[in-house]
Amino acid sequence: MTPLLAKAIWLLGVVGWFVIRYPHDRRARRTPKRQRSDRGRESLLMAISAAGLGVLPLIYVISNVPRFADYAFRPWQGWIGAAVFAGSLWLFRRTHKDLGRNWSVTLEVREQHALVTNGVYSRVRHPMYSAFWLWALAQALLLPNWIAGPAGLVGFGTLFFLRVGREEALMMETFGDEYRRYMARTSRILPGIY
Ligand code: SAH
């Protein structure tokens, strides 16, 4: 594994992510919404997350900026990063399949929203966010740069911690005790741990 190959794998992972999401994005536009959370706040959180998971690492991959933050690449970190990215894409695909029409890029409730508690949703409530954490971790391993590497953990972490409580509140408001019971028997992102 060379730094160049690690960068190429990161890029391939991001392209894979877009390919998985594209059809869901198109369908989501046509699915009617009932309730939508604060749009300005949601857009800001998504911009922060996209900067960390997309823009900063892309600048680094293309132009090696910021060079001063580079450190020596170790092949094992590239291999682990590639495996983690593959796991992230697998989980990302599963979550989209299980959530189906109930998925939204922001916090929203659809006209005919069903609570999904099966498949990858049976043990964790936020497996799609687990997939994003894995992407961010893979990025930190694949890119040997102290800024571009961890940027995803910081960017997505900001979105995650400022959104997850509100999302659960919205789900409780929509599904009441059904969601409370679901919360009681599941973890947020890591089965049995958190
Ligand atoms: N937090 C989930 C879903 C992310 S998509 C995950 O990480 O897998 C965000 C949208 O999914 C929100 O607008 C919310 O309405 C919806 N949602 C979240 N959990 C859900 C569930 N268990 N069933 C159905 N919809 C859900």
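In each ligand, atom 1 is the first atom listed, and ligand 1 is the first ligand listed.
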Flag the pair D25 and R29 as a salt bridge only when some basic side-chain nitrogen lies within less than 4.0 angstrom of an acidic carboxylate oxygen.
yes

Return the orientation label for the H96 and H24 ring planes: parallel under 30°, perpendicular over 60°, tilted otherwise.
parallel

Among non-hydrogen protein atoms, atom 23 (N) of ligand 1 lies closest to V116 N, 2.8 Å

Checklist entry - Are a donor atom and an acceptor atom from the side chains of Q139 and Y60 found within less than 3.5 Å of each other? => result no

Classify the ring geometry of Y194 against F161: parallel below 30°, tilted from 30° to 60°, perpendicular beyond 60°.
tilted

Are any of the N or O atoms of T106 closer than 3.5 Å to those of ligand 1? yes

- Query: Hey, does R163 come in under 3.5 Å of ligand 1, counting only N/O atoms on both sides?
  - Reply: no

Would you call A114 a ligand 1 contact, heavy-atom distance under 4.0 Å? yes

message = Under a 4.0 Å threshold between the charged nitrogen and the carboxylate oxygen, would E168 count as salt-bridged to R188?
response = yes

The salt bridge (charged side-chain N to carboxylate O under 4.0 Å, His left out) partners of E42 (sequence neighbours excluded) come to R163

Under 4.0 Å from one or more heavy atoms of L99, ligand 1 contributes atoms 3 (C), 23 (N), 24 (C), 25 (N), 26 (C)

If you scan protein heavy atoms around atom 9 (C) of ligand 1, the nearest is S104 O, 3.4 Å

Q | pair L12-F85: side-chain heavy atoms closer than 4.5 Å | A | no

Numbered in order shown, the ligand 1 atoms found under 4.0 Å of a heavy atom of Y121 are 6 (C), 8 (O)

Worksheet item: Should we say atom CZ of R34 is surrounded by more than 12 heavy atoms from elsewhere, each under 6.0 Å from it?
Response: yes

Atom 25 (N) of ligand 1: closest protein heavy atom, distance to 0.1 Å, is H113 NE2, 2.9 Å

- Item | Side-chain ion pair, D177 and R180, N-O less than 4.0 Å | yes

Within a strict 4.5 Å, meaning less than it, do heavy atoms of the L89 and W135 side chains meet?
no

- request: Could you tell me whether some N/O pair between Y179 and ligand 1 is separated by less than 3.5 angstrom?
  value: no

the protein heavy atom lying closest to atom 18 (C) of ligand 1 turns out to be E167 OE2, 3.0 Å

In this structure, atom 11 (O) of ligand 1 is nearest to the protein heavy atom N102 O, 3.9 Å

Atoms of ligand 1 under 4.0 Å from any heavy atom of M128, numbered from 1 in the order shown, are 6 (C), 7 (O), 8 (O)

W103 heavy atoms within 4.0 Å reach ligand 1 at atoms 5 (S)

Heavy atoms of R27 and T31 approach each other most closely as O-OG1, 2.9 Å

If we number the atoms of ligand 1 from 1 as shown, the ones under 4.0 Å from a heavy atom of L107 are 13 (O)

For E108, the ligand 1 atoms with a heavy-atom partner under 4.0 Å come out as 12 (C), 13 (O), 14 (C), 15 (O)

Ligand 1 to M171, heavy atom cutoff 4.0 Å, flagged ligand atoms 14 (C), 15 (O), 17 (N), 18 (C), 19 (N), 20 (C), 26 (C)

- For ligand 1, is there an atom lying under 4.0 Å from some heavy atom of L115? yes

